Protein chains: 2
Amino acid sequence: MNGQIRILIADDHPLLTTGLKMTLEQWDEFLVVGVASNGLQAVELCEKTKPHIVIMDMQMPRMSGREAIEQIKSNIPGVRILAFTTFDDADTVSGAIAAGCDGFLLKVIAPEKLRASLNSIAGGINVYDEDAMSRLRQSMRKKSDIDFSGRELTVLRYVCEGMTNAEIADKMGLRSGTVKNMISLLLSKTNCVSRSQLARYATENHLIS
Amino acid sequence: MNGQIRILIADDHPLLTTGLKMTLEQWDEFLVVGVASNGLQAVELCEKTKPHIVIMDMQMPRMSGREAIEQIKSNIPGVRILAFTTFDDADTVSGAIAAGCDGFLLKVIAPEKLRASLNSIAGGINVYDEDAMSRLRQSMRKKSDIDFSGRELTVLRYVCEGMTNAEIADKMGLRSGTVKNMISLLLSKTNCVSRSQLARYATENHLIS
DNA sequence: AAAGAAAAGTGCCGAAGGTCATTCCATTCG
DNA sequence: CGAATGGAATGACCTTCGGCACTTTTCTTT
């Protein structure tokens, strides 16, 4: 990367933004080109100041960080966005990632690590806080705590395909009555009331290939 | 991090491993403590050499990178693992992330970026290649390209809850016949054959809260 | 006023789901 | 060795629900 890395800060905490600005500007590779105090302003300033990286708080008035990220990413796809927050709960993390951020770091980060991370982001490498990432992984997997036999898993898959009991029975070399009973068992095991809910359960818990 | 960062290399390409080893050892902060040429050996060497970071190829004989990551992570949770591959297709990326890697980089990376990334990983920050990450995001979202009205989305949610047509009608202030018609419409719109498949469709495409 | 979407009604038949009883099988226990 | 236990597969019965096809009505849009 030739020249300085242009940075836009978007955060509604004045004390933090001034501290962050001063910290960044003590390093020659960074140039803070603007400071926004809410999401809407962040989108506007992004158009004007053409930053390489936006450091974006997730909890902001007027427009949430998530919406702001989506706006900016669709307006100017090349901009890199670092979600920079106080909290690392699964919702915040997955929201930021789904919105399209290129990094997720907590505000408690040591300055030198922030510096390295910003350089990585500018260089095309996404950086994420370790705990936040593991929390995201957990929420992605959301594995069921119920054990299913191989046959039960097969039935679940076929149910998700929308097959009838007779079709499932045919596929598995069973009688439709047997499949019916197996599904009754699955319904009570999973606390579901119908095969539709069962299909959702199986899908949500990644029980299907 | 005090002292050197201990690194274990796991890759079945001898030319790459020697090049990687020599590259890393020209920097004082790294110490290559072992080189494994397949997944099984990686797991074993990890027990013996107690590395801080494992640089792991995903395509390896004996045991895939994915299995090796899972093994190592469950044996020694503290070890940080960088998935280091030639390909960035969605399957490889999501496989590595689901297995629990702490970084995902392509082998074409510039040496200096690899150095910075390894330092980030050692410092508790996960690093991922930008393209790989965006590909993962795409596959995560798998957004439906069909437009649904507010009412249709409501019906979809209720179907996923396992509610009957009568119950849905009651909740929405409609008649069950109307709900039937709406669901028939939804089935044909989504190319589904039954409400079970519809429930899976809605769940898979994140159409429910 | 015409067109079109959303809502509602009707009838039909097969599928779904609950319950109970039975058979076949393997394992285990006395 | 025979008996007992328990899981898996099966069958039958019955009520409700699901999904289709068609028509009708109401409301909005233009």
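Quick caveat, the model's predicted, so the values are computed rather than measured. A note on names: the letters A, B, ... follow the listed sequences, proteins ahead of strands, and every chain is numbered from 1.
D:dT25 atom C1' lies 15 Å from atom CG of B:L174, rounded to whole Å. Rounded to whole Å, the distance from CG on B:L198 to P on D:dG18 is 12 Å. Rounded to whole Å, atom P of C:dA7 lies 13 Å from atom CD1 of B:I183. Residue A:K180 contributes atom NZ, which lies 13 Å from atom P of D:dC14 at whole-angstrom precision. Separating the CD atom of A:E152 from the P atom of D:dA9 is a distance of 10 Å, rounded to the nearest angstrom. Atom P of nucleotide D:dG7 and atom CG of A:L185 are separated by 11 Å, given to the nearest angstrom.
Between D:dG19 and B:R195, a contact under 4.0 Å exists linking OP1 or OP2 to a side-chain N or O. For the pair A:N165 and C:dA16, the criterion of a side-chain N or O lying under 4.0 Å from OP1 or OP2 is met. An OP1 or OP2 oxygen of D:dC20 is reached within less than 4.0 angstrom by a side-chain nitrogen or oxygen of B:S184.
Judged by distance alone, the side chain of B:D11 and the main-chain N or O of B:H13 form a donor-acceptor pair under 3.5 Å. Using modelled atom types, no side-chain atom of B:T178 and backbone atom of B:L174 make a donor-acceptor pair closer than 3.5 Å.
In the set D:dG11, D:dA9, C:dA7, D:dG11 carries the atom at the smallest distance from any side-chain atom of A:N181. Of the candidates C:dA7, D:dC17, C:dA16, C:dA7 carries the atom nearest the B:T178 side chain, counting heavy atoms from C-beta on. Out of C:dG18, C:dA7, D:dG18, the shortest distance to the side chain of A:L187 is found at C:dG18. Candidate nucleotides D:dT10, D:dG19, C:dG9 were compared by shortest atom distance to the side chain of B:R175, and C:dG9 ranks first.
At a threshold of 4.0 angstrom between heavy atoms, the contacts of B:S176 with the nucleic acid are absent.
Using a cutoff of 4.0 Å between basic side-chain nitrogens and carboxylate oxygens, A:E70 and A:R66 are scored as salt-bridged.
In B:K73, the NZ atom is crowded: over 12 heavy atoms of neighbouring residues, nucleotides or ligands sit closer than 6.0 Å.
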